[in-house]
Amino acid sequence: MSTELIELRESQLAIADGIATLTHLKPAARNALSLELREDYVDMLDRLEADRSIRALIITGSGGSFCAGGDIRSLKERQLSSDPEINSANAMRLRIRRLHGWLERLRGLEIPVIAAVDGPAYGAGFAIALLADFILASERASFCLPFAKLGLVPDSGALYTLPRVVGLQKAKELLFSARRVAVEEARELGIVHSIHRPEELAAAAQWLARRFLASPRDAIALSKRLLNQSSETPWATMAELEGLAQGIASTTPYHDEAVSAFLRGEPSRYDWDRD
């Protein structure tokens with residue numbers, strides 16, 4: 001199995017056997033979401049969206065940290081700047097708008113996305129993990145949205161994703177308190193899918209990603225798109241979208257082959273229980 005390694009600014013993208021892995025590579029800064037790392041995500045998404053052979057994405061950190069959130073030093077530099085294109089309220093609004101440009105693409109990526117969280121996932125790091133379809137965590141992982149400590153409003157999509165995972169009241173408690181959530185509590189809240197030893201986390205993420213290699217790519221993509229819209233879409237609209245999606249899925253080669261195999265008495269290519 002050959003691996004394609006793409007060195008980005010502050011991360012590395014590895015592609016092997018249909019699985020892409022983006023690793024944050026600034027452990028000295030606890031893999032903070034710098035402007036350079038944001039550009040890495042844009043480049044990564046460009047690559048994955050253009051390659052249908054990639055069936056799953058793993059996002060992880062290095063050096064015992066997933067991502068410590070935004071770069072606080074850059075916030076101070078912004079405060080000290082005399083340039084209104086940098087320090088004004090509108091400048092911050094546009095900065096967040098650009099951030100949401102690629103965060104929305106990550107959320108809508110039409111393959112399963114797995115966040116492998118070892119160590120802290122704070123601020124924007126936690127928000128990025130929440131955009132994944134599955135969060136696998138190490139025993140030393142922790143989660144926090146500390147925006148209130150800085151007098152800021154949660155960003156990076158956390159105001160949207162967190163209440164949909166943990167419920168509105170619990171989201172308020174976590175956001176208003178800005179407290180740390182240990183990994184066991186995160187699993188109880190439904191944030192974390194499974195917990196692993198730090199040395200076993202990467203293998204667990206790879207194992208889960210490989211489970212999707214034989215999956216019906218188009219059906220998974222359509223299901224994910226509809227699920228992402230389901231919380232705020234009326235029943236009648238969802239029913240219409242469901243019908244349209246099923247119409248597409250029912251004409252794919254995968255569906256045709258799966259039905260034929262079933263009628264021949266052959267096992268399904270994609271069987272989670274058997275695998």
* **Student check: side-chain heavy atoms of Pro120 and Ser142 closer than 4.5 Å** => yes
* Asked: Taking all atoms of both residues into account, what is the closest heavy-atom pair of Gly108 and Asn228, and its distance?
  -> CA-ND2, 4.3 Å
* **Backbone of Ala116 reached by a side-chain donor or acceptor of Thr60 within 3.5 Å** => yes
* Flag the pair Tyr41 / His24 as yes when their ring centroid distance falls below 6.0 Å, and as no otherwise. => yes
* Honestly curious: do Ile6 and Ile54 fall in one hydrophobic cluster under the side-chain, below-4.5 Å linking rule? -> yes
* Asked: Do Leu25 and Leu35 belong to the same hydrophobic cluster, where Ile, Leu, Val, Met, Phe, Trp and Tyr are linked whenever their side-chain heavy atoms lie under 4.5 Å apart, directly or via other members?
  -> no
* Would you kindly confirm whether Leu8 and Leu103 end up in one hydrophobic cluster when ILVMFWY residues are joined by side chain heavy atoms under 4.5 Å apart? => yes
* Structure fact -> To the nearest 0.5 Å, atom CG of Leu131 lies from atom OG of Ser156 at 8.5 Å
* Could you tell me whether Glu240 atom CD has more than 12 heavy atoms of other residues or ligands within 6.0 Å of it? => no
* Are Asp43 and Arg9 ion-paired here, with the side-chain N under 4.0 Å from a carboxylate O? -> yes
* Asked: Any side-chain heavy atom of Val117 sitting closer than 4.5 Å to one from Phe143?
  -> yes
* **Contacts of type side-chain contact (heavy atoms from CB on, under 4.5 Å), residue Leu222, not counting sequence neighbours** => Ala245, Ile248, Ala249
* Report yes or no: is the cationic atom of Arg211 (NZ for Lys, CZ for Arg) under 6.0 Å from the centre of the six-membered ring of Trp272, at an angle within 45° of the ring normal? => yes
* Would you find more than 12 non-hydrogen atoms of other residues, nucleotides or ligands less than 6.0 Å from Glu199 atom CD? -> yes
* Residues Glu110, Arg225: salt bridge by 4.0 Å N-O rule -> yes
* Does a side-chain heavy-atom distance below 4.5 Å link Ile15 with Ile19? -> no
* SB check Arg55 Asp17 (cutoff 4.0 Å) -> no
* To do: Would you check if Val165 and Leu130 make a side-chain contact, meaning some heavy-atom pair closer than 4.5 Å?
  => yes
* After noting the C-alpha distance and the side-chain angles of Gln12 and Thr21, does the key distance pass the side chain to side chain contact (heavy atoms under 4.5 Å, CB included) rule? -> CA-CA 8 Å; Gln12 181 187 77; Thr21 302; over 6 Å; no
* Asked: Rounded to the nearest 0.5 Å, what separation is found between the CD1 atom of Ile114 and the CD1 atom of Ile58?
  -> 5.0 Å
* Asked: Is it true that a side-chain atom of Asp40 and a backbone atom of Glu10 form a donor plus acceptor pair closer than 3.5 Å?
  -> yes
* To do: Indicate the atoms forming the closest heavy-atom contact of Gly123 with Leu145, along with that distance.
  => O-CD2, 3.4 Å
* Asked: Is a side-chain N or O of Lys170 found less than 3.5 angstrom from the main chain of Leu189, in a donor-acceptor match?
  -> no
* Check: Cys144 and Phe126 side chains under 4.5 Å, non-hydrogen atoms -> no
* Do NZ/NE/NH1/NH2 and the carboxylate oxygens of Arg107 and Asp133 come within less than 4.0 Å? -> no
* Structure fact -> Rounded to the nearest 0.5 angstrom, the CD1-CG distance for Ile111 and Leu57 is 5.5 Å
* **Where Gly125 and Phe66 come nearest, the two heavy atoms and their spacing** => O-CE2, 3.4 Å
* To do: Quick one: do Phe147 and Leu175 satisfy side chain to side chain contact (heavy atoms under 4.5 Å, CB included)? Show the steps, please.
  => CA-CA 8 Å; Phe147 294 91; Leu175 293 175; 5.7 Å; no
* Leu208 vs Leu136 side-chain heavy atoms within contact, under 4.5 Å -> yes
* To do: For the residue pair Leu13 and Arg47, establish whether any side-chain heavy-atom pair is separated by less than 4.5 Å.
  => yes
* Do side-chain atoms of Ser215 reach the backbone of Arg217 as a donor and acceptor pair under 3.5 angstrom? -> no
* Is a side-chain donor or acceptor of Asn31 paired with a backbone partner of Lys26 at a separation under 3.5 angstrom? -> yes
* Val181 and Leu159: same hydrophobic cluster, using ILVMFWY side-chain contacts below 4.5 Å? -> yes
* Structure fact -> When rounded to the nearest 0.5 Å, the distance separating CG of Leu45 from CH2 of Trp102 is 8.0 Å
* Asked: Are Phe212 and Leu227 connected in a single hydrophobic cluster, I mean Ile/Leu/Val/Met/Phe/Trp/Tyr linked by side-chain heavy atoms less than 4.5 Å apart?
  -> no
* Structure fact -> Nearest heavy-atom contact between Leu174 and Ser177 is O-OG, 3.5 Å
* Spacing of Ile128 atom CD1 and Cys67 atom SG [to the nearest 0.5 Å] -> 5.0 Å
* Structure fact -> Between Ala14 and Leu5 the two heavy atoms that sit nearest each other are CB-CD2, 3.6 Å
* Could you state the interatomic distance from CG (Leu106) to CD1 (Ile59), rounded to the nearest 0.5 Å? -> 4.5 Å
* Asked: Are Glu232 and Arg164 close enough for a salt bridge, meaning some N to O gap below 4.0 Å?
  -> yes
* To do: Under the side chain to side chain contact (heavy atoms under 4.5 Å, CB included) rule, what do Val166 and Ile191 come out as? Steps first, then yes or no, please.
  => CA-CA 7 Å; Val166 304; Ile191 295 169; 3.7 Å; yes
* Asked: Any idea which heavy atoms bring Asp155 and Ala127 closest together, and the distance?
  -> O-CB, 4.1 Å
* To do: Output every pair passing side-chain hydrogen bond (donor to acceptor under 3.5 Å, both in side chains) with a member in residues 242-262, not counting sequence neighbours, ordered by first then second residue.
  => Glu257-Arg269
* Report yes if some heavy atom in the side chain of Leu37 is under 4.5 Å from a heavy atom in the side chain of Ser34; otherwise report no. => yes
* Exam field: side chain Ser138 to backbone Pro198, donor-acceptor pair closer than 3.5 Å -> no
* Asked: Is the shortest distance from a Lys or Arg side-chain nitrogen in Glu185 or Arg179 to a carboxylate oxygen in the other one below 4.0 Å?
  -> yes
* Would you please test Asp218 and Ile220 for side chain to side chain contact (heavy atoms under 4.5 Å, CB included) and show each step? => CA-CA 5 Å; Asp218 296 317; Ile220 294 291; over 6 Å; no
* **Enclosure of Arg264 CZ (heavy-atom neighbours >12, cutoff 6.0 Å)** => yes
* Verify whether one side chain among Ser88 and Asn90 offers a donor that lies under 3.5 Å from an acceptor in the other. => no
